[in-house]
Amino acid sequence: MIKNLIIKFISKTKIYYLYIENKYKFLNIFVSLTCQFEYFCYNYLKCRPRKINLFIQRKSFGESIYDYINSLTNIKRFLDDSNSEYRTNQFDLFIIGSKTNQILDSWFLYNLEIFLENKFKKKEKTAKTCSYFLHNQKTINIIYVQAKGFLLNKYKYTSSRGGVIGSYANRFDLVDNYKFLLKTKGFRSIEDFSKQNLPMGIYKKLKPILSKKIIVFYDYDIQNRINSNNVSSNKNQLKQDLYLRYFDNSIIKTTIQHLLDFNFYIIRLGRSSIEFPIKHKNFLDFAHDYSNTNFIDSLDFFIPHHSNFCITLGCGGHECSRLYGLPFLFVGYHRYDNLCNLENSMIISKKYYDSISGNLIPLSKLININIIPYSKKYWDSRNIIIKSPSKIEIKESLIEFLDYITNTKNKDFSVIKNKRIKSWMKYYLRINKNFQKYENYENRYKKDFSVIISEYELKNYKDLFFK
């Protein structure tokens with residue numbers, strides 16, 4: 001009671017950000033130090049762990065896609081590893097929380113059984129564990145648990161930086177991991193698994209569209225945030241609680257209309273109780289129309305598999321599209337410290353301003369902000385104002401984006417030839433200390449940096465992107 005009153009009082013002061021940033025400081029320092037020690041032993045002393053720990057965080061649908069694919073990839077490589085010098089002999093997979101996508105979970109378990117077929121001599125199952133004792137004296141344990149603070153904290157730290165110690169693949173190599181699985185004998189793709197679970201009537205309705213130019217679109221649905229983020233349903237308070245992530249969908253209507261005029265089909269995915277405010281024969285609002293159906297989980301994967309690119313305002317479900325290597329137009333992106341983990345994306349970012357001077361806060365400072373509370377109270381206490389991109393910024397960036405995916409080899413932004421954009425990419429990597437720190441780690445994310453900013457934005461916001 002007293003603690004809550006103190007926190008409520010602090011939240012109204014200019015020192016609120018200090019409370020937020022120090023809330024988990026000692027735990028984070030401990031996690032960081034233990035992880036750094038593990039990395040040092042593994043990368044420099046060549047100490048190989050006897051056990052690999054991986055996690056699937058099912059509560060967050062978008063993040064779980066990385067986890068499911070990464071886990072299957074690591075399990076397959078673990079089963080195939082016959083190197084006697086490699087000492088890893090146990091694989092523990094922690095599956096955390098309740099499933100949010102039935103198709104994804106069922107698909108994972110189906111392929112897991114395929115991979116393990118004829119590989120184990122004994123199987124032991126309890127209410128929360130399933131252990132496979134393999135013929136080669138190795139063990140795989142599948143463990144169902146509720147969220148553990150320290151466990152998850154360490155998991156997030158390792159997986160987002162140098163990778164899980166001793167693992168065979170990095171979770172952020174999503175596309176490459178999935179390509180590896182597709183080449184595996186007996187493996188069944190998730191798009192095929194999803195297709196089988198679509199009602200015949202829905203598939204027949206979709207079939208004529210699949211040969212068209214399709215854009216998969218994810219907006220930032222407010223209602224879903226009310227349900228999942230424990231925020232107020234009052235509209236004004238909602239904007240305060242979701243300040244960092246809040247996005248007015250009307251800002252992107254002009255851009256969507258522009259694409260519809262060029263005969264693109266735009267399919268809105270996700271889940272929404274609110275219809276998107278566009279009426280057009282080529283705009284299909286599946287997020288609203290099929291929100292309460294039992295096949296919506298299948299559409300999450302079936303549609304992106306047949307799409308040309310993705311536009312997202314930050315809905316986690318867009319990671320389904322990343323699985324297929326689609327180019328991304330990421331509108332309203334809100335952080336700068338983790339761009340190396342994105343792949344083949346043009347970001348149209350939110351802009352941070354000093355509320356006292358009115359000046360833009362430059363990239364060199366924003367890149368060091370890795371605590372990202374949503375609440376406006378936090379940002380007010382730091383004297384920071386956050387603004388969404390304008391309609392013209394989005395449309396002009398889109399026009400460039402369409403040109404780049406048309407004229408860049410394999411739609412790969414890492415080899416883009418625009419000099420101004422290449423200059424920014426080099427600058428970003430040069431000031432990103434985490435990238436430099438983990439660049440030589442064996443388990444790190446290994447893809448070339450392929451995040452770009454439009455030339456339009458780079459010209460108009462030099463003080464942001466080059467300082």
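Computed from a predicted structure; not experimentally measured. The residues of the chain are indexed from 1 along the displayed sequence.
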Asks: If you look at every heavy atom in Phe247 and Ser388, which pair is closest and at what distance?
Replies: CD1-OG, 3.9 Å

Asks: My understanding is that only residues two or more places apart in sequence, or in another chain, count here; which of them pass ring pair (Phe, Tyr, Trp, His ring centres under 6.0 Å) with His334?
Replies: none

Asks: Can you list the steps and then say if His305 with Phe301 is a ring pair (Phe, Tyr, Trp, His ring centres under 6.0 Å)?
Replies: CA-CA 6 Å; His305 177 65; Phe301 299 95; over 10 Å; no

Asks: Quick one: does Asn74's side chain have a donor or acceptor within less than 3.5 Å of a partner on Ser167's backbone?
Replies: no

Asks: Salt-bridge test for Glu393 and Lys351: reply yes if a basic N is under 4.0 Å from a carboxylate O, no otherwise.
Replies: yes

Asks: When Val331 is tested against each of Ile394, Thr255, Leu398 for side chain to side chain contact (heavy atoms under 4.5 Å, CB included), which residue passes?
Replies: Ile394

Asks: Could you check whether Tyr218 and Ser321, counting side-chain N and O atoms only, form a donor-acceptor pair closer than 3.5 Å?
Replies: yes

Asks: Let's go through Tyr243 and Asp380 carefully: what are the C-alpha distance in whole Å and the side-chain angles of both, what is the deciding distance for side chain to side chain donor-acceptor pair (under 3.5 Å) to 0.1 Å, and is it a yes or a no?
Replies: CA-CA 10 Å; Tyr243 179 68; Asp380 283 347; 5.5 Å; no

Asks: Less than 4.5 Å apart, any side-chain heavy atom of Phe330 and any of His318?
Replies: yes

Asks: Of all residues at least two apart in sequence or in a different chain, which pass the ring pair (Phe, Tyr, Trp, His ring centres under 6.0 Å) check with Phe180?
Replies: none

Asks: May I ask you to test the Ile311-Leu259 pair for a side-chain heavy-atom distance under 4.5 Å?
Replies: yes

Asks: Does Lys195 have more than 12 heavy atoms from other residues, nucleotides or ligands lying within 6.0 Å of its NZ?
Replies: no

Asks: Quick one: does Asp463's side chain get under 4.5 Å of Asn359's, heavy atoms only?
Replies: no

Asks: Could you pull out all residues at least two apart from Tyr456 that satisfy ring pair (Phe, Tyr, Trp, His ring centres under 6.0 Å)?
Replies: none

Asks: So Arg58 and Ile95, do their side chains get closer than 4.5 Å, heavy atoms only?
Replies: yes

Asks: Not counting sequence neighbours, which residues clear side chain to side chain contact (heavy atoms under 4.5 Å, CB included) with Asn282? List them please.
Replies: Leu260, Tyr265, His280

Asks: Would a distance-only check, ignoring hydrogens and angles, find a side-chain to backbone donor-acceptor pair under 3.5 Å from Asp354 to Leu360?
Replies: no

Asks: Taking the side chain from Asn418 and the backbone from Ile421, do they hold a donor-acceptor pair closer than 3.5 Å?
Replies: yes

Asks: Not counting sequence neighbours, which residues clear side chain to side chain contact (heavy atoms under 4.5 Å, CB included) with Ser189? List them please.
Replies: Tyr178, Leu182, Glu191, Asp192

Asks: When rounded to the nearest 0.5 angstrom, what distance separates OG in Ser364 from CZ in Arg430?
Replies: 11.0 Å

Asks: Is the cationic atom of Arg322 (NZ for Lys, CZ for Arg) positioned less than 6.0 Å from the six-membered ring centroid of Phe328 and within 45 degrees of its normal?
Replies: yes

Asks: Are there over 12 heavy-atom neighbours, none belonging to Asn292, within less than 6.0 Å of that residue's CG?
Replies: no

Asks: Provide the closest heavy-atom pair for Ser298 versus Asn197 in the form atom of the first, atom of the second, distance.
Replies: OG-CB, 3.4 Å

Asks: Indicate the atoms forming the closest heavy-atom contact of Leu210 with Ile214, along with that distance.
Replies: CA-CD1, 4.0 Å

Asks: Determine, using ring centers only, whether Phe276 and Phe217 are less than 6.0 Å apart.
Replies: yes

Asks: Below 30° counts as parallel, above 60° as perpendicular, anything between as tilted: where do the rings of Tyr461 and Phe465 land?
Replies: perpendicular

Asks: Out of curiosity, Leu329 CG to Glu400 CD, how far, rounded to the nearest 0.5 Å?
Replies: 11.0 Å

Asks: So which heavy atom on Pro327 is nearest to which on Phe401, and how close?
Replies: CB-CZ, 3.8 Å

Asks: Are there over 12 heavy-atom neighbours, none belonging to Lys422, within less than 6.0 Å of that residue's NZ?
Replies: yes

Asks: Let me confirm one number: the CD1-OG distance from Ile386 to Ser349, rounded to the nearest 0.5 Å.
Replies: 11.0 Å

Asks: Quick one: pull up CD1 in Ile215 and CD1 in Ile267 and give me the separation to the nearest 0.5 Å.
Replies: 10.0 Å

Asks: Find out whether Asn70 and Ile56 are in side-chain contact, i.e. whether some heavy atom of one side chain is under 4.5 Å from a heavy atom of the other.
Replies: no

Asks: Could you note down all residue pairs passing ring-ring contact (aromatic ring centres under 6.0 Å, His included) where residues 335-363 supplies at least one of them, sequence neighbours left out?
Replies: Tyr352-Trp379

Asks: If every non-hydrogen atom of Phe61 is compared with every non-hydrogen atom of Cys320, which pair is closest and at what distance?
Replies: CZ-SG, 3.5 Å

Asks: I'd like to know if the side chain of Ser106 reaches the main chain of Ile103, judged simply by a donor and an acceptor atom lying under 3.5 Å from each other, with no hydrogens or angles considered.
Replies: no

Asks: Asp67 side chain to Gln57 main-chain N or O, any donor-acceptor pair under 3.5 Å?
Replies: yes

Asks: Given Asp219 and Asn249, is the side chain to side chain donor-acceptor pair (under 3.5 Å) satisfied, shown in steps?
Replies: CA-CA 7 Å; Asp219 65 304; Asn249 284 339; 3.0 Å; yes

Asks: State which residues pass side-chain hydrogen bond (donor to acceptor under 3.5 Å, both in side chains) with Asp337; sequence neighbours excluded, sorted by chain then number.
Replies: Arg335

Asks: Run the numbers on Tyr333 and Asn338 for side chain to side chain donor-acceptor pair (under 3.5 Å), then give the verdict.
Replies: CA-CA 11 Å; Tyr333 199 69; Asn338 70 340; 3.0 Å; yes

Asks: Is there side-chain contact between Leu93 and Phe55, with heavy atoms separated by less than 4.5 Å?
Replies: no

Asks: Provide the full list of salt bridge (charged side-chain N to carboxylate O under 4.0 Å, His left out) pairs with a residue in residues 274-299, sequence neighbours left out, each pair given once.
Replies: Arg268-Asp285, Arg271-Asp297, Glu275-Lys279

Asks: Measuring from atom OH of Tyr66 to atom CG of Asn170, what distance do you get when rounded to the nearest 0.5 angstrom?
Replies: 10.5 Å

Asks: If every non-hydrogen atom of Arg245 is compared with every non-hydrogen atom of Tyr220, which pair is closest and at what distance?
Replies: CB-OH, 3.2 Å

Asks: For residues 405-415, pull every pair meeting side-chain hydrogen bond (donor to acceptor under 3.5 Å, both in side chains), keeping only residues two or more places apart or in separate chains.
Replies: Asp403-Asn407, Asp412-Ser414

Asks: Could I get the full list of side-chain hydrogen bond (donor to acceptor under 3.5 Å, both in side chains) partners for Lys350, not counting sequence neighbours?
Replies: none

Asks: How about Glu63 and Arg171: do any of their side-chain heavy atoms sit closer than 4.5 Å?
Replies: yes

Asks: Give, for atom CZ of Phe302 and atom CG of Leu299, the distance between the pair rounded to the nearest 0.5 Å.
Replies: 8.5 Å

Asks: Going by heavy atoms in the side chains, are Leu104 and Trp107 under 4.5 Å from each other?
Replies: yes

Asks: Parallel, tilted or perpendicular: which describes the rings of Tyr110 and Phe193, with under 30° parallel and over 60° perpendicular?
Replies: tilted

Asks: Just to verify, what does Asp248 make a side-chain hydrogen bond (donor to acceptor under 3.5 Å, both in side chains) with, not counting sequence neighbours?
Replies: Ser250

Asks: Only counting residues at least two apart or in another chain, list the ones meeting side-chain hydrogen bond (donor to acceptor under 3.5 Å, both in side chains) with Ser71.
Replies: none

Asks: Regarding Asn177 and Tyr168, is there a side-chain donor-to-acceptor distance under 3.5 Å anywhere?
Replies: no

